[in-house]
Amino acid sequence: MTSIQQGFYFFNIRESSLSEVYLMALEIDKKHFREDHPNVSIRMNNLAELYRYQGKLGEAESLYLKGLEIDKKHFREDHPKIAIRLNNLALLYETQGKIGEAEKLYLKALEIDKKQFGEDHPDVAIDMNNLAELYRTQGKYVEAEPLYLKALEIDKKHFGEDHPNVARVMNNLAELYRTQGKLGESEPLFLKALEIFTKNYGEGHSDVKTVQHNIDYLKLQINSSLPSIII
């Protein structure tokens with residue numbers, strides 16, 4: 001079923017228009033700054049995120065790599081900006097099926113953020129959630145679960161019980177339990193995630209629809225696992 005990764009979100013703007021805006025911003029910054037200025041890296045990252053969302057993975061990779069190269073020139077190897085770039089590139093590699101490369105980047109991003117922010121920072125929670133998602137999709141459930149649980153603990157501490165970040169991790173942890181056949185543990189997490197998203201976003205939001213879809217599938221799975229009644 002569907003998980004929710006934490007990263008870049010696009011709003012109700014036509015993708016073609018958004019692409020034009022990002023390209024224009026990139027050209028303006030290239031003109032007013034140097035080609036290797038950190039502002040240029042930011043524009044590249046934003047455009048790359050849009051391209052990844054659109055499935056233009058080759059174009060996205062080139063921009064991610066160039067932006068990372070620029071940032072490494074201006075910042076330390078263990079700077080939080082580098083961790084952000086690594087996380088985004090890892091998401092791309094995961095989409096491309098380059099699992100080994102994605103895992104290395106996720107782990108490096110997590111290492112950097114732990115060093116810079118400590119063990120219980122929201123950025124660390126994002127790193128953990130994304131790495132856990134990778135492990136879950138690879139069937140590495142034992143590795144995934146403690147990462148989800150720690151990410152959930154961090155987000156609850158920093159944002160409270162009813163924040164969308166909490167709901168995203170809940171949905172993903174619920175999906176892990178569903179995949180493992182732990183349907184009783186999965187259902188209350190899905191329901192709580194749905195409640196949080198609906199409260200924060202309203203019923204028409206994509207995250208609400210995602211969790212509702214997961215709940216519907218879970219119900220089918222529960223019903224199919226019930227023994228038949230013989231009369």
Side-chain angles (χ1 to χ4, degrees), residues 4-11 13 18-19 21-54 56-96 98-135 147-148 150-151 154-155 157-159 163-166 168-169 172:
I4 305 173
Q5 284 176 301
Q6 294 174 284
F8 202 82
Y9 278 76
F10 300 101
F11 300 95
I13 305 173
L18 198 56
S19 178
V21 171
Y22 283 170
L23 282 167
M24 185 181 300
L26 177 58
E27 290 308 311
I28 289 171
D29 278 354
K30 282 183 176 180
K31 181 178 179 180
H32 287 277
F33 303 106
R34 302 182 309 276
E35 290 272 342
D36 63 349
H37 192 276
N39 280 23
V40 172
S41 173
I42 292 171
R43 305 303 185 195
M44 287 180 170
N45 180 77
N46 291 345
L47 183 58
E49 284 288 276
L50 178 61
Y51 284 159
R52 179 174 62 83
Y53 177 80
Q54 293 175 327
K56 299 177 181 178
L57 305 185
E59 294 95 323
E61 183 176 9
S62 297
L63 287 166
Y64 281 137
L65 290 171
K66 181 60 178 176
L68 181 60
E69 178 186 333
I70 292 170
D71 283 343
K72 283 184 174 180
K73 181 176 180 181
H74 289 275
F75 304 106
R76 302 184 315 273
E77 291 277 342
D78 61 352
H79 193 280
K81 285 185 181 290
I82 301 296
I84 292 171
R85 303 295 181 256
L86 294 176
N87 234 321
N88 291 343
L89 185 57
L91 282 168
L92 175 73
Y93 285 155
E94 185 177 354
T95 303
Q96 293 175 313
K98 300 176 181 178
I99 303 304
E101 295 175 58
E103 182 181 11
K104 290 177 184 177
L105 294 177
Y106 281 139
L107 287 168
K108 184 62 179 177
L110 178 59
E111 176 188 331
I112 292 170
D113 282 340
K114 280 185 175 181
K115 179 179 179 181
Q116 296 300 324
F117 300 128
E119 295 280 337
D120 66 346
H121 191 274
D123 284 4
V124 172
I126 291 173
D127 298 336
M128 287 179 169
N129 177 75
N130 290 343
L131 181 59
E133 280 294 279
L134 180 72
Y135 287 152
L147 290 168
Y148 284 134
K150 182 61 179 176
I154 293 169
D155 282 342
K157 177 180 177 181
H158 284 272
F159 301 119
H163 193 276
N165 282 17
V166 172
R168 289 186 189 105
V169 181
N172 297 343

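Residue indices begin at 1 and follow the sequence shown.
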Approximate separation, where rounding is to 0.5 Å, of T95 OG1 and L57 CG: 6.5 Å
When you compare the side chain of F33 with that of P38, does any pair of heavy atoms fall below 4.5 Å? no
Quick check on side-chain contact (heavy atoms from CB on, under 4.5 Å): which of L89, L91, D127, L147 does Y106 satisfy it with? L91
Taking Q116 for the side chain and D78 for the main chain, is one N or O donor matched with an acceptor at less than 3.5 Å? yes
Does V40 reach the side chain of R34, with side-chain heavy atoms less than 4.5 Å apart? no
Walk me through it: do L134 and E103 pass the test side-chain contact (heavy atoms from CB on, under 4.5 Å)? CA-CA 7 Å; L134 180 72; E103 182 181 11; 3.6 Å; yes
Between A125 and A151, which heavy-atom pair has the shortest distance, and what is it? O-CB, 3.5 Å
Between Y93 and E61, is the side-chain hydrogen bond (donor to acceptor under 3.5 Å, both in side chains) condition met? List the steps. CA-CA 8 Å; Y93 285 155; E61 183 176 9; 3.2 Å; yes
Any salt bridge between K66 and E69, counting N to O under 4.0 Å? yes
Between K114 and E119, what is the shortest heavy-atom contact and its length? CE-OE1, 3.4 Å
To the nearest 0.5 Å, how far apart are CD in E94 and CD1 in I99? 5.5 Å
Roughly how far apart are I126 CD1 and M128 CE, rounded to 0.5 Å? 12.0 Å
Does D71 reach the side chain of H79, with side-chain heavy atoms less than 4.5 Å apart? no
Calculate, to the nearest 0.5 Å, the distance between atoms CD and CG belonging to E111 and L107 respectively. 8.5 Å
Looking at CD of E27 and CZ of R43, how far apart are the two atoms once the value is rounded to the nearest 0.5 Å? 12.0 Å
Could you please spell out the steps behind the side-chain contact (heavy atoms from CB on, under 4.5 Å) verdict for L63 and N45? CA-CA 7 Å; L63 287 166; N45 180 77; over 6 Å; no
Can a side-chain donor-acceptor contact be found between R85 and N88 if the only test is distance below 3.5 angstrom? no
Using every non-hydrogen atom in the two residues, find where V124 and G118 come nearest and quote the distance to one decimal. CG2-O, 3.3 Å
Quick one: closest heavy-atom pair of A48 and A60, and the distance? O-CB, 3.5 Å
If you take all heavy atoms of N46 and Y22, which pair is closest and at what distance? O-CE1, 3.5 Å
Can you check whether L86 reaches I112 side chain to side chain, under 4.5 Å on heavy atoms? yes
Given side-chain contact (heavy atoms from CB on, under 4.5 Å), test D36 with K73 step by step and report yes or no. CA-CA 8 Å; D36 63 349; K73 181 176 180 181; 2.3 Å; yes
Can you measure from CG (L26) to OG (S41) and round to the nearest 0.5 angstrom? 10.0 Å
Side-chain heavy-atom pair K30, M44 within 4.5 angstrom cut-off: yes
Give me the atom names and distance for the closest heavy-atom approach of P80 to D113. CA-OD1, 4.2 Å
